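The structure appears right after this line, and notes come after that.
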Amino acid sequence: MYIEQVEDELYQLKKADQPIGSFRLIQLSRGAGKLEQLQVKDHISPGRILEVFEVIQTYVEKAGLRELHVESHSDTLDFLLQHQQFKKKDVEKRLWIYEVNHS
């Protein structure tokens with residue numbers, strides 16, 4: 001699975017050159033980006049969703065961003081974000097932040 005930039009903030013998730021999803025990565029200030037409108041095809045298994053987040057996190061690291069922000073809309077996504085090393089920063093807004101570890 002890999003990411004291909006389609007427009008300024010629009011990206012496609014692809015596997016074997018076939019689109020399997022898309023998302024927007026909005027540039028925020030201070031080297032941070034915000035993940036929005038993540039959509040994947042219906043046939044993607046829950047295990048693949050973890051892979052999707054790992055690919056996005058790796059992409060963000062290579063792009064030189066320091067943080068990735070995600071607003072959660074479900075308890076299931078909260079659980080997944082916690083599993084992927086995101087930290088809840090705002091309970092009201094359900095804002096989670098992944099801090100990139102540039103080694």
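If you read the sequence from its start, that first residue is 1, and numbering goes on from there. All heavy atoms count here, side chains included; hydrogens, waters and symmetry mates do not. Everything quoted here is computed from the prediction, not taken from an experiment.
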When the side chains of residues 19-30 are checked against the rest of the protein, which donor-acceptor pairs come out under 3.5 Å, sequence neighbours left out?
unit_1, atom_1, unit_2, atom_2, d
Arg24, NE, Gln37, OE1, 3.1

>> Apply side chain to side chain donor-acceptor pair (under 3.5 Å) to residues Tyr2 and Gln12 and explain how you reach the verdict.
In response: CA-CA 8 Å; Tyr2 64 96; Gln12 272 193 340; over 6 Å; no

>> Looking at Phe79, I'd like to know if its CZ atom is crowded, meaning that more than 12 non-hydrogen atoms belonging to other residues, nucleotides or ligands lie closer than 6.0 Å.
In response: no

> Restricting to pairs with a member in residues 31-40, which pass salt bridge (Lys or Arg N to Asp or Glu O under 4.0 Å), not counting sequence neighbours?
Replying inline: Lys34-Glu36, Lys34-Glu71

>> Going by ring pair (Phe, Tyr, Trp, His ring centres under 6.0 Å), name the pairs with one or both residues in residues 56-78, residues two or more places apart or in two chains.
In response: Tyr11-Tyr59

>> Once salt bridge (Lys or Arg N to Asp or Glu O under 4.0 Å) is applied, what residue pairs with a partner in residues 7-18 remain, sequence neighbours excluded?
In response: Glu4-Lys14

Donor-acceptor contacts under 3.5 Å from residues 80-95 side chains, at least two apart:
unit_1, atom_1, unit_2, atom_2, d
Gln84, NE2, Gln57, OE1, 2.9
Gln85, NE2, His83, O, 3.3
Asp90, OD1, Glu92, N, 3.0
Asp90, OD1, Lys93, N, 3.0
Arg94, NE, Asp78, OD2, 3.4
Arg94, NH2, Ser74, O, 3.1
Arg94, NH2, Asp75, OD1, 3.0
Arg94, NH2, Asp78, OD2, 2.5

>> Would you compute the distance between atom CE of Met1 and atom CG of Leu13 and round it to the nearest 0.5 angstrom?
In response: 6.5 Å

> Do Phe53 and Val40 share a hydrophobic cluster, counting only Ile, Leu, Val, Met, Phe, Trp and Tyr and linking them when any side-chain heavy atoms are less than 4.5 Å apart?
Replying inline: yes

> If Ile, Leu, Val, Met, Phe, Trp and Tyr residues are connected whenever their side-chain heavy atoms lie under 4.5 Å apart, and connections chain through other members, are Leu50 and Ile3 in the same group?
Replying inline: yes

> Looking at Ser72 and Leu77, what are the two nearest heavy atoms and their distance?
Replying inline: OG-CB, 3.6 Å

>> Set out, in order, the CA-CA distance, both residues' side-chain angles and the distance that settles side-chain contact (heavy atoms from CB on, under 4.5 Å) for Leu38 and Ile56, then state yes or no.
In response: CA-CA 10 Å; Leu38 175 62; Ile56 292 171; 4.1 Å; yes

> When you look at Ile97 and Leu68, which way does the side-chain contact (heavy atoms from CB on, under 4.5 Å) test go after all the steps?
Replying inline: CA-CA 6 Å; Ile97 297 178; Leu68 178 61; over 6 Å; no

